[in-house]
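These notes concern the structure reproduced below.
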Amino acid sequence: MKILITGCAGFIGYHLAKLLLCDNEYIVIGIDSINDYYDPNLKISRLKDLNIPINGDISFNRLLKSNEFPHFSFSRIKLEDRDSLFSLFREHEFDIVVNLAAQAGVRYSIENPQAYIDSNIQGFVNILEACRTYPVKHLIYASSSSVYGNNKKIPFSTTDNVDNPISLYAATKKSNELMAHTYSHLFGIPTTGLRFFTVYGPWGRPDMAYFSFTKNILEGKPIQVFNHGNMKRDFTYIDDIVDGISRVMNSPPKQYNLDTNGESEKVPPYKIYNIGNNKPIELRRFIEILEDKLGLSADKINMGMQPGDVPMTYADIDDLKDDVGFEPKTNIEDGLSDFVNWYRRYYKI
C-alpha cells in the first residue's frame, strides 16, 4: 500500500508516519511546506528523527529518502502548488491519502486569514482534484472539534448542527467537509473526515497551551489562564490519535442505496468521525497535573475568554468505536508525564 501523508513534518503527521513505518506493508511518502507558523526547527527535528538526511535548508520538490526506513521518502511541497502536487500523484499512484497539512490555530486565523484560505481552502481543493484525476482508494483528512463552535449539547456528536462557526479556522474545516462530500457524491471518492479534539503529547505544537505553559513554568514566567480556568477540553493523547487514523485508513466508507418512503437514495462514500478521548478535563485541573509532573508551581494570570474560543469540547466517539474499534488508552496523567519527559530531553533541561 502506498500512502501519502501531507503535513508529515507536523505533530500528527510525524507520529503517523512513524507508526506506519513500523509495518512493512506500507510505502510512505510525506510532504510538508515547513512554514514558519511555529519554529521550523522543530519540524526539521521531527524529519531528522525519521532519518531524512537534511543538511541546511530543504529545497522544494526534492525527494529525500530516509536512511533508516527504506519505505519512507519526504518532499517539501505546498498544497497550494498544484503543479507539484499533481506531478507527485502522477508519479506515485497513491492508494491512500491522509491530508493533515493545514494552517492551524484559532487565534492566528483572526490575525492572518489569508493563510487559511491558501492552505485550508485552495490547498484542499488541490488535494481533492488530485484524488479525482489520479484515483485513490481512500482520502482521510483533518477536520477539527472547532466546527462545533458554541454548541451547548454535550457530548458533541457528528449529527449535531455545525452551521455556526465562530472562527475562520473552524469555517475552513467545515468547508473541507462540505467539499469532500461533494467529491464523494460526484466522483465516488471515498472520503473520511476526522474531527480532532485537542491533541497533545511529545513532539507537540508550540502554539498549544500545554506547550507554552510548560515553557513558561520551567522559565519561571507567568502563564495566562483564559476564562479563569473555567474551560474543559477533551485532551487526546497523540498515540491514541494515530491509532485511530490507522484504523480508519483501511476502512473506507462504502456507497450504498438508502430506501426512504419507497424511494431509493444513493448515499455517497463519505463519513465524518469525532476522534477524542471522551473525557473532558477542566483547565485548572490540567494545570495542576502539569505542575505536579514538572515539580513546579505556576504563576497564573487569570484572563477573560479569547475571541473564537469555546468553553468546552467533548467528543462523542461511539461511531468510531463501533466502526473500527477505536478505544483511547492514555489518561491525562500518563500523557502529560510523557510530554514533560520529552520536553526536558528535547530542550536539554
Donor-acceptor pair, distance only, cut-off 3.5 Å: does the side chain of His138 make one with the backbone of Pro190? no

Please round to the nearest 0.5 Å and tell me the distance separating atom CD1 of Ile5 and atom CZ of Phe74. 11.5 Å

With a distance cut-off below 6.0 Å to the six-membered ring centre and an angular limit of 45° from the axis, does Arg344 pair with Tyr346 as a cation-pi contact? no

Quick one: closest heavy-atom pair of Leu290 and Tyr210, and the distance? CD2-O, 4.1 Å

Under 3.5 Å, is there a donor-acceptor pair between the Asn120 and Thr172 side chains? yes

Any side-chain to backbone donor/acceptor pair from Thr133 onto Glu129? Under 3.5 Å, distance only. yes

Evaluate Phe211 against Phe339 for ring pair (Phe, Tyr, Trp, His ring centres under 6.0 Å), listing each step before the verdict. CA-CA 9 Å; Phe211 203 111; Phe339 170 72; 5.5 Å; yes

Side chain to side chain donor-acceptor pair (under 3.5 Å) between Tyr148 and Asn274, worked out: CA-CA 11 Å; Tyr148 290 104; Asn274 288 330; 2.7 Å; yes

So does Ala142 get a backbone contact from the side chain of Lys173, meaning a donor-acceptor N/O pair under 3.5 Å? yes

Between Ile166 and Gly149, the two heavy atoms sitting closest are CG1-CA, 4.2 Å

Excluding sequence neighbours, so at least two apart, what forms salt bridge (charged side-chain N to carboxylate O under 4.0 Å, His left out) with Lys78? none

Nonpolar side-chain network containing Val267, other nodes, edges under 4.5 Å: Tyr256, Leu258

Can you name the ring pair (Phe, Tyr, Trp, His ring centres under 6.0 Å) partners of Tyr237, sequence neighbours left out? Tyr200

As an exercise, state the distance from NZ of Lys137 to CD1 of Ile3, rounded to the nearest 0.5 Å. 9.0 Å

Is there any salt bridge (Lys or Arg N to Asp or Glu O under 4.0 Å) pair reaching into residues 219-228, and which pairs are they, with sequence neighbours excluded? Lys215-Glu219, Glu219-Lys221

Looking at OG of Ser33 and CG of Leu79, how far apart are the two atoms once the value is rounded to the nearest 0.5 Å? 7.5 Å

Tell me whether the guanidinium CZ or amine NZ of Arg132 lies under 6.0 angstrom from the six-membered ring centre of Phe187 and within 45° of its axis. yes

I'd like to know if the side chain of Ser251 reaches the main chain of Val248, judged simply by a donor and an acceptor atom lying under 3.5 Å from each other, with no hydrogens or angles considered. no

Are Tyr14 and Trp203 close enough that their ring centers fall under 6.0 Å? yes

Quick one: salt bridge (Lys or Arg N to Asp or Glu O under 4.0 Å) pairs with a partner in residues 181-201, sequence neighbours left out? Glu177-Arg195

Parallel, tilted or perpendicular: rings of His181 and His185 (30°, 60°): parallel

List in chain and number order the residues that pass ring pair (Phe, Tyr, Trp, His ring centres under 6.0 Å) with Tyr141, two or more places apart in sequence or in another chain; answer none if no residue qualifies. Phe124

Could you tell me whether a side-chain N or O of Thr6 sits under 3.5 Å from a main-chain N or O of Leu100, the two making a donor and an acceptor? yes

Cluster question for you: counting only ILVMFWY and a side-chain heavy-atom cut-off of under 4.5 Å, with indirect links fine, are Ile27 and Phe69 together? no

Nearest-0.5 Å distance, OG of residue Ser246 to CD1 of residue Ile96: 10.5 Å

Where the side chain of Asp292 meets the backbone of Glu288, is there a donor-acceptor pair that is under 3.5 Å apart? no

List the atom pairs, donor and acceptor, that lie under 3.5 Å between side-chain atoms in residues 310-322 and the rest of the protein, sequence neighbours left out.
residue	atom	partner	partner atom	Å
Thr313	OG1	Asp234	N	3.1
Asp316	OD1	Asp318	N	3.0

Please test Asn227 against Met303 for side-chain contact (heavy atoms from CB on, under 4.5 Å), starting from the C-alpha separation and ending with a verdict. CA-CA 6 Å; Asn227 202 36; Met303 309 280 287; over 6 Å; no

Let me check something: do Val199 and Ile272 share a hydrophobic cluster, defined by ILVMFWY side-chain heavy atoms less than 4.5 Å apart, either directly or through other members? no

Between the side chains of Asn51 and Ser66, does any donor sit under 3.5 Å from an acceptor? no

With a 6.0 Å cut-off on the ring centroids, do Phe197 and Phe235 count as close? no

Looking only at the aromatic ring of each residue, does the gap between the centers of His92 and Phe94 stay below 6.0 angstrom? yes

Extract all donor-acceptor atom pairs below 3.5 Å that involve side chains of residues 37-44 and protein atoms in other chains or at least two apart in sequence.
residue	atom	partner	partner atom	Å
Tyr37	OH	Asp207	OD2	2.7
Tyr38	OH	Arg46	NH1	2.6
Tyr38	OH	Arg46	NH2	3.3
Asp39	OD1	Asn41	N	2.9
Asp39	OD1	Asn41	ND2	3.2
Lys43	NZ	Asn35	O	2.9
Lys43	NZ	Asn35	OD1	2.8

Exercise: identify the closest heavy-atom pair between Val162 and Val147: CB-O, 3.4 Å

What pairs with Ser84 under side chain to side chain contact (heavy atoms under 4.5 Å, CB included), at least two apart in sequence or on another chain? Asn61, Ile77, Asp81

Is the NZ atom of Lys153 crowded by more than 12 outside heavy atoms at less than 6.0 Å? yes

Considering only heavy atoms from C-beta outward, does the side chain of Gln122 approach that of Arg82 to under 4.5 Å? no

Gap between atom CG of Asn161 and atom CG of Asn151 - 0.5 Å precision: 8.5 Å

Exercise: identify the closest heavy-atom pair between Cys131 and Val97: SG-CG2, 4.1 Å

Looking at Asp32 and Arg76, does any basic side-chain N land under 4.0 Å from a carboxylate oxygen? no

Any chain of hydrophobic side-chain contacts (each under 4.5 Å) joining Val98 to Ile29? no

Side chain to side chain contact (heavy atoms under 4.5 Å, CB included) partners of His228, counting only residues at least two apart: Asn230, Asn302

Would a 4.5 Å heavy-atom cut-off, applied to side chains only, mark Cys8 and Phe72 as touching? yes

Shortest non-hydrogen pair, Leu139 vs Leu128, comes out as CD2-CD2, 3.6 Å

Note: Asn67 and Pro53 closest approach over all heavy atoms is ND2-CB, 3.8 Å

For the side chain of Lys293 and the backbone of Glu291, is there at least one donor-acceptor N/O pair under 3.5 Å apart? no

Qualifying residues under side chain to side chain contact (heavy atoms under 4.5 Å, CB included), relative to Ser184, sequence neighbours excluded: Thr191, Pro268, Pro269, Tyr270

Can I get a per-line list of side-chain donor-acceptor pairs under 3.5 Å for residues 101-111, giving both atom names and the distance, sequence neighbours left out?
residue	atom	partner	partner atom	Å
Arg107	NH2	Asp309	OD2	2.9
Tyr108	OH	Asn112	ND2	2.8
Ser109	OG	Val106	O	2.5

If you round to the nearest 0.5 Å, how far is CG of Leu168 from CD1 of Ile117? 5.0 Å

Does the Ser59 side chain pair with the main chain of Arg62, one donor and one acceptor, at a distance under 3.5 Å? no

Are any of the side-chain nitrogens in Asp95 or Lys2 under 4.0 Å away from the carboxylate oxygens of its partner? no

